[in-house]
Student: 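Have a look at the structure that comes next, please.
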Amino acid sequence: MKWISNIRDLMLRNSVSQYLLEDEVVMNWSILKKCMLMLILGSAIHLLWIIWKWYILITPELWQWVNLPIVESQLWVNIIFFALMILLIWPCYAWKDQPTVQLLLPYLSVGLFVISLCRDGYLVGVLSPATMIAYVSLITVGLVLFTRKIVYSMLIPATIFLSMCMYLSLKGTIPYAPIFLADASGYQNSFWLFSMIFFIIPILLTCLALFETLLSQWRHRERLIQKLSQIDPLTSLFNRRSINHCLEQLDNPSSESYALVLLDLDHFKRINDQYGHNKGDEALILVSNVLNQHLRGSDIVGRYGGEEFILVLKNSNLEQAIHVAERCRKTIEELQIFSEDGQAFQVTASFGIAISTPELRPQQLLTHADQALYAAKAGGRNMVMAYTPQDSFSHLI
């Protein structure tokens, strides 16, 4: 079963530690770390503007297509915005632990970013492809990175501003795309087209790459969380939910024969009471390691309850299951755990075995294994018992 091998590989890679490392993905960054990313992207956009306007100023043959005084004045505005965004990166890093900064700086950073883009969007035309693509792309990425409160507090004023610019342009109150000359705008104008491409491609590629990264990390995290929901966090064994799912898949007349082995640590409550729960946890981890070491790759081991474990031994008969259980029992018996004051204490376990038959459902088989386990405990503990269908009772091995 593919999902079993996937989870086994996950456990071998220390899945819990890997999950903790997921805090490093972009979506899980702190709010100020996300602000730093946004400020870097914003400063990069302004750098593009600076390059474009500087190129126009040093290329006289392009002056016929633009409003040169606006290009000259707005070049300095872009330089100021570029400098402000670069400067804001420092407090995002230096004061990241101060609650007031964590509260206010995101609004300041996002606000500066949105204001600068709205201003540049008006200069090239509210309905221009560059403005529309930047508007949609940055909103999409913004909603993934930041809370709705921050995004919408800036999105609503920006939308109102751009809508008013569009309305006033249509009424003739203000010029549309004032950075271009009146006859320079239009799809037939190569300068206008190449200018749109110059602004669109970097924004589109950057937002697409960032959104793809966020989406990939989200999908990876969802898969990892799903897998982690199927294992026990303490022992990294399958949990009861996973074992039940496995047994459901085995509930098929055509399935190969298998053995169920239930084992329960003897007097586990006494260990917790006498040596502490941390030593009880240590005992559970050591036992889980023993079980993993003594099973084949096709077998399944899980933690079925507090101190109860379950083994699913594929393609095994009674003799083979007894051999595996007895080997595990002896190894567990040989474990030595030391208390906080250096006192050694022993852990033992009782085992109950049941063998599958075509007419038995997995839950019935579990009941038989549980009866065998109960007989092992009643018979003195630290032993292996198997359910024998001949007399419908557990038989001492």
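Please read all numbers here as calculations on a predicted model, not as lab measurements.
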Student: Would you say Y135 and T159 are linked by a side-chain donor-acceptor pair, where the criterion is simply a distance under 3.5 Å?
Tutor: yes
Student: Looking only at non-hydrogen atoms, find the nearest pair between A321 and L313 and report the distance.
Tutor: CA-CD1, 3.8 Å
Student: Can a donor-acceptor pair be found, under 3.5 Å and without considering hydrogens, that links the side chain of W65 to the backbone of L181?
Tutor: no
Student: Output, in order, the C-alpha distance, side-chain angles, deciding distance and verdict of side chain to side chain contact (heavy atoms under 4.5 Å, CB included) for L284 and D281.
Tutor: CA-CA 5 Å; L284 292 172; D281 289 346; 4.3 Å; yes
Student: Is N315 reaching over with its side chain to a backbone N or O of S257, donor-acceptor style, under 3.5 angstrom?
Tutor: no
Student: Going by heavy atoms in the side chains, are Y93 and C35 under 4.5 Å from each other?
Tutor: no
Student: Can you label the angle between the W95 ring and the W90 ring as parallel, tilted or perpendicular, going by 30° and 60°?
Tutor: perpendicular
Student: Give me the one residue out of N272, D273, L265, I271 that meets side chain to side chain contact (heavy atoms under 4.5 Å, CB included) with K269.
Tutor: D273
Student: Roughly how far apart are Q102 CD and I31 CD1, rounded to 0.5 Å?
Tutor: 9.5 Å
Student: Can you confirm whether R381 is buried at CZ, in the sense that more than 12 heavy atoms of other residues, nucleotides or ligands lie under 6.0 Å from that atom?
Tutor: yes
Student: Using the rule that two of Ile, Leu, Val, Met, Phe, Trp, Tyr join whenever any of their side-chain heavy atoms come within less than 4.5 Å, decide whether L112 and L87 are in one cluster.
Tutor: no
Student: I'd like to know if the side chain of T331 reaches the main chain of R327, judged simply by a donor and an acceptor atom lying under 3.5 Å from each other, with no hydrogens or angles considered.
Tutor: yes
Student: Can you check side chain to side chain contact (heavy atoms under 4.5 Å, CB included) on Q274 and F345, steps first, answer last?
Tutor: CA-CA 10 Å; Q274 186 172 350; F345 62 91; over 6 Å; no
Student: Do L62 and Y55 pass the side chain to side chain contact (heavy atoms under 4.5 Å, CB included) test, and can you show the C-alpha distance, the side-chain angles, and the key distance before you say yes or no?
Tutor: CA-CA 9 Å; L62 298 179; Y55 180 75; 3.7 Å; yes
Student: Donor-acceptor pair, distance only, cut-off 3.5 Å: does the side chain of E340 make one with the backbone of Y275?
Tutor: no
Student: I'd like to know if the side chain of D232 pairs up with that of Y304 as donor and acceptor (distance under 3.5 Å, no hydrogens or angles considered).
Tutor: no
Student: So do N78 and R119 actually touch side chain to side chain, heavy atoms under 4.5 Å?
Tutor: yes
Student: State whether a side-chain donor-acceptor pair under 3.5 Å links Q98 with T100.
Tutor: no
Student: Does S316 reach the side chain of R296, with side-chain heavy atoms less than 4.5 Å apart?
Tutor: yes
Student: So if you build clusters from Ile, Leu, Val, Met, Phe, Trp, Tyr with side-chain heavy-atom gaps below 4.5 Å, do F161 and I45 land together?
Tutor: yes
Student: Within this structure, what is the CG-NZ distance for the pair L39 and K34, rounded to the nearest 0.5 Å?
Tutor: 14.5 Å
Student: So which of V110, L105, L104 actually passes side chain to side chain contact (heavy atoms under 4.5 Å, CB included) with L108?
Tutor: L105
Student: State, yes or no, whether a side-chain contact exists between Q371 and H368 at a heavy-atom distance under 4.5 Å.
Tutor: yes
Student: In this structure, are over 12 heavy atoms from other groups packed under 6.0 Å from E319 atom CD?
Tutor: no
Student: Does K330 come within less than 4.0 Å of E333, counting only side-chain N to carboxylate O?
Tutor: no
Student: So if you build clusters from Ile, Leu, Val, Met, Phe, Trp, Tyr with side-chain heavy-atom gaps below 4.5 Å, do V287 and F338 land together?
Tutor: no
Student: Does the side chain of S30 come within less than 4.5 Å of K96's, by heavy atoms?
Tutor: no
Student: Just verifying a value: how many Å separate I160 CD1 and I156 CD1, rounded to the nearest 0.5 Å?
Tutor: 7.0 Å
Student: Stepwise, does the side chain to side chain contact (heavy atoms under 4.5 Å, CB included) test hold for M38 with L145?
Tutor: CA-CA 9 Å; M38 184 202 63; L145 286 177; 5.7 Å; no
Student: Determine whether the side chains of S350 and D264 contain a donor N or O and an acceptor N or O closer than 3.5 Å.
Tutor: no
Student: Drop me the distance from W76's CH2 to I50's CD1, to the nearest 0.5 angstrom.
Tutor: 9.5 Å
Student: Testing L237, I243, L311, L247 for side chain to side chain contact (heavy atoms under 4.5 Å, CB included) with I300, which one passes?
Tutor: I243
Student: Does any N or O in the side chain of S109 come within less than 3.5 Å of the main-chain N or O of P106, such that one atom is a donor and the other an acceptor?
Tutor: no
Student: Out of curiosity, Q293 CD to S288 OG, how far, rounded to the nearest 0.5 Å?
Tutor: 9.0 Å
Student: Counting C-beta onward and ignoring hydrogens, is there a side-chain heavy-atom pair between V290 and F309 closer than 4.5 Å?
Tutor: no
Student: Following the transitive rule for hydrophobic clusters with a side-chain heavy-atom cut-off under 4.5 Å over Ile, Leu, Val, Met, Phe, Trp and Tyr, establish whether L48 and L123 coincide in one cluster.
Tutor: yes
Student: Report yes or no: does K53 contribute a side-chain atom to a donor-acceptor pair with the main-chain N or O of E72 at less than 3.5 Å?
Tutor: no
Student: Could you tell me whether a side-chain N or O of S116 sits under 3.5 Å from a main-chain N or O of F113, the two making a donor and an acceptor?
Tutor: yes
Student: I'd like to know whether OH of Y152 has more than 12 heavy-atom contacts from other residues, nucleotides or ligands below 6.0 angstrom.
Tutor: no
Student: Please determine whether residues V136 and M132 belong to a single hydrophobic cluster, defined as Ile, Leu, Val, Met, Phe, Trp and Tyr linked transitively by side-chain heavy-atom distances below 4.5 Å.
Tutor: no
Student: Please tell me if the side chains of L263 and L291 come closer than 4.5 Å, counting only heavy atoms from C-beta onward.
Tutor: yes
Student: From R329 CZ over to I322 CD1, what is the distance, rounded to the nearest 0.5 angstrom?
Tutor: 12.5 Å
Student: For S242 and N239: C-alpha separation, side-chain torsions, deciding distance, then whether side chain to side chain donor-acceptor pair (under 3.5 Å) applies.
Tutor: CA-CA 5 Å; S242 300; N239 59 20; 3.0 Å; yes
Student: If you define the side chain from C-beta out and look only at heavy atoms, does anything of K149 sit under 4.5 Å from Y107?
Tutor: yes
